[in-house]
**Q** 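Have a look at the structure that comes next, please.
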Amino acid sequence: DGEEDEVETAEFTIKGQIEEKNFMVKTRYGSLDFKRTDILSIVFQEPLVTRLSFEVPGSTLAEKNNWFDSQADLAEGEKFRLKASGIITLAMYGNTKCGPDGTRTISRTPTTAFKSFPTGSLVGKIGKTGKPFLVGSDYDGVVEKRGRLYLGISLQSGLVQGKLKVVLEKRTR
């Protein structure tokens with residue numbers, strides 16, 4: 001309508017009145033102070049952050065090649081973070097409870113690719129043939145080769161009850 005200021009976000013549009021009268025921009029040459037009425041447009045060059053949430057069932061046994069397909073595709077060079085929470089119960093191991101970091105109190109013989117991961121820990125891989133990596137409760141990474149994100153529990157067999165909640169944040173420019 002031309003009567004209200006409009007701020008458009010990725011999720012919604014806000015209409016109202018921007019009350020700032022003066023703005024300052026820090027540049028590599030120093031700071032520049034100018035009036036709101038001098039602005040024609042503003043383009044922010046911050047990376048776009050996408051957040052996706054998943055619930056990974058405890059029965060998703062990665063060592064058995066049973067992976068949870070997150071449906072999230074990651075691009076080469078993309079920065080991403082995984083934060084996980086929740087409790088699963090390892091029924092086969094005396095109903096031991098653990099979180100996404102797993103437990104080192106259980107002795108077992110994991111498959112080669114999972115040897116260094118704690119029992120019951122949250123693990124991931126990028127692409128169907130990607131190398132497994134330990135996610136645990138907090139993981140920061142950069143995608144080496146583009147592909148789909150798969151998640152699972154570091155176990156070969158057994159009954160696992162519960163699920164882990166995982167939040168993926170990926171930054172793109």
Side-chain angles (χ1 to χ4, degrees), residues 7-12 14 26 28 43-173:
V7 177
E8 188 174 333
T9 73
E11 296 180 18
F12 51 83
I14 304 167
K26 292 182 181 178
R28 63 179 144 218
V43 177
F44 294 97
Q45 295 301 320
E46 296 170 338
L48 175 66
V49 177
T50 303
R51 284 184 186 85
L52 303 169
S53 294
F54 319 106
E55 287 190 348
V56 179
S59 59
T60 310
L61 306 182
E63 288 181 56
K64 195 177 178 180
N65 204 26
N66 178 18
W67 292 89
F68 172 80
D69 182 350
S70 72
Q71 302 289 311
D73 294 316
L74 301 174
E76 188 172 325
E78 189 170 44
K79 293 179 182 179
F80 70 103
R81 183 175 194 182
L82 295 165
K83 292 194 68 109
S85 60
I87 299 290
I88 56 174
T89 303
L90 311 176
M92 185 174 165
Y93 297 100
N95 286 327
T96 300
K97 294 184 183 321
C98 65
D101 294 316
T103 179
R104 295 226 183 251
T105 62
I106 296 171
S107 108
R108 63 186 189 96
T109 310
T111 58
T112 306
F114 297 84
K115 238 182 193 31
S116 63
F117 305 152
T119 301
S121 59
L122 180 66
V123 295
K125 70 176 181 174
I126 299 173
K128 288 194 181 220
T129 59
K131 181 181 176 189
F133 58 91
L134 178 63
V135 173
S137 56
D138 196 356
Y139 178 84
D140 277 302
V142 177
V143 179
E144 291 179 19
K145 184 179 175 189
R146 72 178 200 84
R148 173 78 45 99
L149 173 66
Y150 294 93
L151 299 164
I153 306 301
S154 181
L155 268 178
Q156 297 173 37
S157 62
L159 176 64
V160 181
Q161 298 164 331
K163 56 192 165 197
L164 298 176
K165 182 177 180 186
V166 181
V167 176
L168 164 66
E169 284 185 1
K170 57 183 191 166
R171 297 181 175 273
T172 52
R173 269 213 174 265

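Computed from a predicted structure; not experimentally measured.
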**Q** Would you mind reporting whether R81 and D140 have side-chain heavy atoms less than 4.5 Å apart?
**A** yes
**Q** Hey, are R146 and E76 close enough for a salt bridge, meaning a charged N less than 4.0 Å from a carboxylate O?
**A** no
**Q** Measure across G99 and L164 and return the closest heavy-atom pair with its distance rounded to 0.1 Å.
**A**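 Shortest heavy-atom separation between G99 and L164 comes out as C-CD2, 4.4 Å.
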**Q** Please name the pair of heavy atoms, one in S116 and one in R104, separated by the smallest distance, quoted to 0.1 Å.
**A** O-NH2, 3.2 Å
**Q** Got T105 and Y93 here, is their nearest side-chain heavy-atom distance under 4.5 Å?
**A** no
**Q** Starting from the C-alpha separation in whole Å, work towards a yes-or-no answer on side-chain contact (heavy atoms from CB on, under 4.5 Å) for E78 and R171.
**A** CA-CA 6 Å; E78 189 170 44; R171 297 181 175 273; 5.8 Å; no
**Q** Which atom pair, heavy atoms only, marks the closest approach of V143 to A75?
**A**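 What the structure gives for the nearest pair is CB-O, 3.2 Å.
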**Q** With a 6.0 Å cut-off (strictly less than), is the heavy-atom count around NZ of K115, excluding the residue itself, greater than 12?
**A**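 Correct, the count exceeds 12.
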**Q** Are T89 and N95 close enough that a side-chain donor and a side-chain acceptor fall under 3.5 Å?
**A**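 Looking only at side-chain atoms, N95 and T89 do not form any donor-acceptor pair under 3.5 Å.
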**Q** Please check if atom CD in E144 has more than 12 non-hydrogen atoms from other residues, nucleotides or ligands closer than 6.0 Å.
**A**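 No, not enclosed.
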**Q** Would you mind telling me which of T103, D101, L134 makes a side-chain contact (heavy atoms from CB on, under 4.5 Å) with P118?
**A** L134
**Q** As an exercise, state the distance from CZ of R51 to NZ of K83, rounded to the nearest 0.5 Å.
**A** 11.0 Å
**Q** Calculate, to the nearest 0.5 Å, the distance between atoms CD1 and CD belonging to I88 and Q161 respectively.
**A**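 Rounded to the nearest 0.5 Å, the CD1-CD separation comes to 10.5 Å.
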**Q** Would you compute the distance between atom CG of L90 and atom OG1 of T119 and round it to the nearest 0.5 angstrom?
**A**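 Going from the CG atom of L90 to the OG1 atom of T119 covers 7.5 Å.
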**Q** Taking all heavy atoms of P57 and all of I153, pick out the closest pair and write down the distance.
**A** O-CG1, 4.1 Å
**Q** Taking the six-membered ring of F80 as reference, does the cationic atom of K170 (NZ for Lys, CZ for Arg) lie under 6.0 Å from its centre and within 45° of its axis?
**A**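 Pair K170/F80 does not count as cation-pi.
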**Q** How close do F54 and S70 get, heavy atom to heavy atom, and via which atoms?
**A**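 Result for this residue pair: CE2-O, 3.2 Å.
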**Q** First locate atom OH of Y150, then atom OG1 of T129, and finally report the distance between them rounded to the nearest 0.5 Å.
**A**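 Those atoms lie 9.5 Å apart.
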**Q** With rounding to the nearest 0.5 Å, note down the distance linking CD in Q71 to CG in L168.
**A** 13.0 Å
**Q** Any idea which heavy atoms bring V135 and V123 closest together, and the distance?
**A** CG2-C, 3.7 Å
**Q** I'd like to check L151 versus T60 (side-chain heavy atoms, cut-off strictly below 4.5 Å). Are they in contact?
**A**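 SC-SC contact between L151 and T60 ruled out.
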**Q** In terms of side-chain heavy atoms, does R108 have a donor or acceptor partner in S157 at a distance below 3.5 Å?
**A**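 No, because no side-chain N or O of R108 sits under 3.5 Å from a partner of the opposite role on S157.
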**Q** Mind checking whether K64 and L155 have side chains closer than 4.5 Å, heavy atoms only?
**A**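 Result no, sub-4.5 Å side-chain heavy-atom pair not found.
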**Q** Distance check, rounded to the nearest 0.5 Å: F133 atom CZ versus L122 atom CG?
**A** 8.5 Å
